[in-house]
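Encoded as structure tokens, the structure appears first; notes follow it.
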Amino acid sequence: MPMAARQTQTLLFPLADADTSISLATSSTFVPNMGLPVHRWFRYSAGFSADWVESVINSMSGPVKLFDPFAGSATTLLAAESVGVEGWGLEAHPFVYRVARAKLSWRSDPQDYLRKLEQLNRAANRIAPDLSVYPSLIRRCYGDEALTQLDVLRQAYEAVRDESPASELLWLTLVAILRRVSTAGTAQWQYILPKKQKRAPADATVAFQEFARVIHCDMQRGQAVTGPRAHLLLGDARTCNGIPQHSANLVITSPPYPNNYDYADATRLEMSFMREISGWGDLQEAVRKYLVCSCSQHVPENSVDLSAVLQTPELSPIRDEIKDVCEQLAEVRESKGGRKTYHLMIARYFRDLAQTWKALRSVCTSPSRICFVIGDSAPYGVYVPVIPWLGRLAISAGFKSFSFEKTRDRNVKWKNRKHRVPLQEGHLWIEG
Ligand SMILES: C[S@@+](CC[C@H](N)C(=O)[O-])C[C@H]1O[C@@H](n2cnc3c(N)ncnc32)[C@H](O)[C@@H]1O
């Protein structure tokens, strides 16, 4: 049975009555995935549509070997499994990697998962809750009753955990309900806002057991799926180490956009609850240092020698233009309270992406086809022509041509916007 098959499930986790047609506008968003088995296990707002990935794979003639260097929550790799194609992926964020790896266990034995769940439930009966171990963010996001329930589940998980897929799926069952059962509101994307309260969050124990049933149900579908299992590595797109050379003839991916979204902060709630970090200050070492530079938190003042970065050979195709943009950003920041280091971020971002193109050239076959889902940006209102710059860096790395297909406009609703530069998002196609 194809993974995209729909069915009605329980109250807390209904499968959306999703429209199966793929619109260009939603192809670059994660929203349609919340109606799909397995994809719906973790809402990863940075993701794109699995149905669209399948349609791109199906448009290829001949055998496909697919690679996603920024695999995120494994949308591309699950789509590859769904249509019987070999998939490879890299993800550098340790928490997101673990989410993706757990989702890719969807074809493991559902009975093992149920047995592990039973073990956890038995262990939970013996746990004495201890709320004193949680940092203040967690205390502000949950009432005592909800946190007591969650603490019992977390401690029970720690008591029964091992290296098995079933254990990793239990971990996912727990981390994926944390936002649903929090009283805190969430901002656009994934930041948590303890001061904004939700009215009726779900009961933690009920949400956990109900979500476990959803996972079990989706795993049963997985038993009928044959074909290769995807390979996911914890690794860096800038080197593509671990990916076989000259192997991929199709790349479907979405790198971080240079729009100041902090992927490390996006999982602070979950990582704090699981006691992997004690607060925001730990994110640099635990996460950020592994990622492409796409937010100003990556580059504190004086952490980067701007002229040295701009002189790196990989940036030569865009050097004059990027230098000009960085100078404008350096000047504008002097008039801003936050004095954000966008000038450093932009230089580092394009150097990181130029390295990624070089690495991609060596893992892709010639010819190959690449789609980057990407958007442009305008920090402090200074326009950065992300799309043509990335295209030119790709050509300089050895690819033959690029073209752009817009999927949607961004930043056109001016209310409360920091700047009024119209932006777009879409598919950057690279051939060669
Ligand atoms: C736009 S998201 C990809 C979302 C994915 N398409 C999905 O549907 O879930 C970009 C991802 O790149 C990851 N990333 C950032 N720097 C990386 C690097 N140097 N190597 C590999 N992955 C990286 C981020 O952690 C993030 O998960």
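A quick note: this is a predicted structure, and the numbers were derived from the prediction, not measured. Throughout, residue positions are numbered sequentially from 1 according to the sequence presented. Note that ligands are numbered from 1 as they come in the structure, with each ligand's atoms numbered from 1 the same way. What's counted below: heavy atoms across the whole structure, side chains too, no hydrogens, waters or symmetry copies.
A cation-pi arrangement is found for Arg361 relative to Phe399, the charged atom lying closer than 6.0 Å to the ring centre and inside a 45° cone about the ring normal.
Below 4.0 Å from some heavy atom of Arg238 lie the following atoms of ligand 1, by number and element: 19 (N). Remark: ligand 1 atoms within the under-4.0 Å shell around heavy atoms of Leu291 are 15 (C), 16 (N), 25 (O). Near Ser73, the atoms of ligand 1 lying under 4.0 angstrom from a non-hydrogen atom of the residue are 7 (C), 9 (O). Counting the atoms of ligand 1 from 1 in the order shown, those under 4.0 Å from a heavy atom of His93 are 25 (O). Of all the atoms in ligand 1, the ones that sit under 4.0 Å from a non-hydrogen atom of Val292 are 15 (C), 16 (N), 17 (C), 19 (N).
The nearest protein atom to atom 4 (C) of ligand 1, hydrogens excluded, is given as Ala46 O, 3.6 Å; this is a heavy-atom distance. At the top of the distance list for atom 26 (C) of ligand 1, counting protein heavy atoms only, stands Tyr44 OH, 3.3 Å. Looking from atom 19 (N) of ligand 1 to the surrounding protein, the closest heavy atom is Asp236 OD1, 2.9 Å. The closest protein non-hydrogen atom to atom 10 (C) of ligand 1 is Ser254 O, 3.3 Å. Of all protein heavy atoms, the one closest to atom 8 (O) of ligand 1 is Thr75 OG1, 2.6 Å. From the protein, the heavy atom lying nearest to atom 20 (N) of ligand 1 is Ala237 N, 2.9 Å. Scanning the protein heavy atoms around atom 24 (C) of ligand 1, the nearest turns out to be Glu91 OE2, 3.4 Å. For atom 22 (N) of ligand 1, the closest non-hydrogen atom on the protein side is Ala92 N, 3.3 Å.
The two residues Gln284 and His298 make their nearest non-hydrogen contact at NE2-O, 4.4 Å.
Contacts with ligand 1 closer than 4.0 Å are made by backbone heavy atoms (N, CA, C, O) of Pro69 only, the side chain lying farther away. Here Phe70 has heavy atoms under 4.0 Å from ligand 1 in both its backbone and its side chain. When heavy-atom distances to ligand 1 are checked against a 4.0 Å cut-off, Ala71 comes that close only through its backbone atoms N, CA, C and O. Only the backbone of Tyr290 comes within 4.0 Å of ligand 1, counting heavy atoms alone; no side-chain atom from C-beta on gets that close. Contact annotation for Phe48 and ligand 1: heavy atoms of both the backbone and the side chain come within less than 4.0 Å of the ligand.
For the ligand labelled ligand 1, residue Gly235 lies inside the 4.0 Å heavy-atom shell.
Aromatic rings of Trp357 and Phe372 (six-membered ring for Trp) have centroids within the 6.0 Å cut-off, being under it. Aromatic pair His39/Trp106: centroids not less than 6.0 angstrom apart. A centroid separation of less than 6.0 Å is found between the aromatic rings of Phe350 and Trp389.
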Inset, instruction - Before giving the answer on side-chain hydrogen bond (donor to acceptor under 3.5 Å, both in side chains), spell out for Asp151 and Tyr134 the whole-Å C-alpha distance, their side-chain angles and the decisive distance to 0.1 Å. - result: CA-CA 9 Å; Asp151 179 60; Tyr134 293 102; 2.5 Å; yes
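Under the 3.5 Å distance criterion, the side-chain polar atoms of Ser272 are matched with a main-chain donor or acceptor of Arg268. In terms of modelled atom types and a separation under 3.5 Å, the side chain of Thr267 and the main chain of Glu270 share no donor-acceptor contact. Counting only distance, with no hydrogens or angles, the side chain of Asn249 and the backbone of Lys65 share a donor-acceptor pair below 3.5 Å. Although no hydrogens or angles enter the test, the distance criterion places a donor-acceptor pair under 3.5 Å between the side chain of Ser377 and the main chain of Pro258.
Tyr261 and Tyr263 have perpendicular rings, their planes meeting at more than 60° on a 0 to 90° scale where under 30° would count as parallel.
Not a single salt bridge (Lys or Arg N to Asp or Glu O under 4.0 Å) links Asp320 to another residue, sequence neighbours left out.
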